[in-house]
Amino acid sequence: MNGRLIHTGQVVLDLVMRVPELPVPGGDVMASSMDFLPGGGFNVMAAAARAGADVLYAGLHGTGGFADVARAAMAAEGIALAHAPSAEGGTGIVVALVQDDGERTFVTGPGAEGRMPPGLLDAITPTDKDVVYVTGYSLLHETNSRALIDWLPRTGGATVLFDPGPLAGKIPAAELAAVLAQVDILSCSAGEAKTLEEAGEHVEVLIVREGPAGCRVVTGGRSVTVPGFPVATVDTNGAGDAHCGVLAAEVLAGTGLLEAARRANAAAAIAVTRHGPATSPARAELDAFLR
């Protein structure tokens, strides 16, 4: 792999609690377990790094104990940092409630990673061998959105991979259109694809993640279903991130799109058999699973 995955999103910490059901408004439930783990953009980057990619985190990271935990996790995965710690504050928190059937619900409290100043990305010059990863969460932070939309037209021949995320319907139309104009590959869930279709947004290459069924790869007006892998699901948190990270790593490796999607399906299948958000396998384990 000669290029890099350049991740422009946000690394946060996930407070993951397993619950039998979501509480009713004003109610309470007891969690059977609790973990405090790096999440958000870290999940995608860790998946790509484990799959053999060189990874650069181009987002903002702050100060304090939570930021130190996030940086230590990135260092352990071999992820390089484009910027020094910012004085914008600490790292944000995501409360992830995981139900017994593996379904998850999130509440996000942004930190320094959501306060990217203008021009922060200007020193990063992608090449045509790089993959630039963009998340829809960036477009929900006003300053991040402005910095990203200003920079994306200057990414040259890099492959831009966009995952709009579960809040796709909340992204302002103008910002969404500006980003999609630069996107080469759009990867999203079936629900997110429906939201974007209703908004009238289309791209050249669309990958629709369909959970256990696998994914659909749509390009040039042709749709191909790439089957998934049957596994016993315990936690779907981070499955889409594993899929995107491995897909990016395979694009960097020169793998054909359908085979890249198959490997991404396998990575997501392995990830949902494990508790936690960053559970994508290493490349050797993924190879063994596919054999």
Side-chain angles (χ1 to χ4, degrees), residues 1-14 16 35 37-61 67-85 91 94 113 121 124 126-127 129-135 137-138 155 158-163 165 185 187 207 209 235 237-255 259-290:
M1 297 186 189
N2 297 319
R4 306 164 293 173
L5 171 63
I6 302 174
H7 194 291
T8 63
Q10 296 79 45
V11 172
V12 295
L13 291 187
D14 284 352
V16 183
D35 290 296
L37 305 163
F42 173 76
N43 303 338
V44 175
M45 292 190 290
R50 293 169 191 173
D54 289 332
V55 181
L56 176 69
Y57 176 50
L60 205 61
H61 49 104
D68 290 341
V69 171
R71 279 189 288 271
M74 287 189 279
E77 298 287 351
I79 298 166
L81 304 179
H83 312 291
T91 287
V94 174
E113 73 286 342
L121 299 172
I124 301 172
T127 73
K129 296 179 180 179
D130 292 334
V131 171
V132 173
Y133 178 90
V134 179
T135 169
Y137 287 111
S138 293
T155 54
T159 299
V160 178
L161 170 61
F162 178 47
D163 181 356
I185 301 173
S187 176
I207 297 177
R209 306 188 302 266
D235 187 351
N237 189 14
D241 293 333
H243 198 283
C244 279
V246 170
L247 181 76
E250 295 302 328
V251 170
L252 287 167
T255 305
E259 176 61 13
R262 187 178 81 97
R263 292 180 66 84
N265 286 350
I270 294 171
V272 301
T273 65
R274 300 166 174 169
H275 295 294
T279 51
S280 190
R283 191 173 192 85
E285 182 182 2
L286 181 56
D287 289 340
F289 178 87
L290 288 169

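In this chain, numbering begins with 1 at the start of the sequence shown.
Every residue two or more places apart in sequence or in another chain was checked for a ring-ring contact (aromatic ring centres under 6.0 Å, His included) with Tyr137, and none qualifies. By the ring-ring contact (aromatic ring centres under 6.0 Å, His included) test, His7 pairs with Tyr133, sequence neighbours left out. The side-chain contact (heavy atoms from CB on, under 4.5 Å) test applied to Val12 returns Asp14, Val94, Glu113, not counting sequence neighbours. Legend: residues meeting side-chain hydrogen bond (donor to acceptor under 3.5 Å, both in side chains) with His275, ordered by chain and number and at least two apart, are Arg18. A search for salt bridge (Lys or Arg N to Asp or Glu O under 4.0 Å) contacts involving Asp163 returns Arg209, not counting sequence neighbours. In this view, Ala261 and Cys215, Val217, Val226 satisfy the side-chain contact (heavy atoms from CB on, under 4.5 Å) rule, not counting sequence neighbours. For Asn43, the side-chain hydrogen bond (donor to acceptor under 3.5 Å, both in side chains) partners are Asp241, not counting sequence neighbours. For the side-chain hydrogen bond (donor to acceptor under 3.5 Å, both in side chains) test, residues two or more places apart in sequence or in another chain that qualify with Thr255 are Glu250. In terms of the side-chain contact (heavy atoms from CB on, under 4.5 Å) criterion, residue partners of Ala271 (sequence neighbours excluded) are, by chain and number, Ala242, Thr279. In terms of the side-chain contact (heavy atoms from CB on, under 4.5 Å) criterion, residue partners of Leu37 (sequence neighbours excluded) are, by chain and number, Asp35, Pro277.
Between the side chain of His83 and the main chain of Ala58, a donor-acceptor pair closer than 3.5 Å is present. The backbone N or O of Met45 lies less than 3.5 Å from no partner atom in the side chain of Tyr57, so there is not a single donor-acceptor pair.
Within the 4.5 Å cutoff, the side chain of Met74 has no heavy atoms near those of the Val55 side chain. Between Leu161 and Val251 the shortest side-chain heavy-atom distance does not fall below 4.5 Å.
The two atoms that bring Leu286 and Val246 nearest to each other are CD2-CG1, 4.0 Å, heavy atoms only. For the residue pair Ser138 and Gln10, the shortest heavy atom distance occurs at OG-NE2, 2.8 Å. Listed here is the closest heavy atom pair of Asp235 and Gly276: OD2-N, 3.0 Å. Scanning all heavy atoms of the two residues, the minimum distance from Ala82 to Ile124 falls at CB-CD1, 3.8 Å. Closest heavy-atom contact between Leu5 and Ala48: CD2-CB, 3.5 Å. Residues Ile79 and Ala46 approach most closely at CD1-N, 4.1 Å, considering heavy atoms.
In this structure, the separation between CG on Leu252 and CG on Asn2 is 9.5 Å, given to the nearest 0.5 Å. In this structure, the separation between CG on Leu81 and CG on Leu60 is 11.0 Å, given to the nearest 0.5 Å. Atom CG of Asp287 and atom CZ of Arg263 lie 4.5 Å apart (nearest 0.5 Å). Here the CG-CG distance, from Asn265 to Leu290, works out to 9.5 Å after rounding to the nearest 0.5 Å.
Among residues at least two apart or in separate chains, salt bridge (charged side-chain N to carboxylate O under 4.0 Å, His left out) pairs with a member in residues 69-82 are Arg50-Glu77, Asp68-Arg71.
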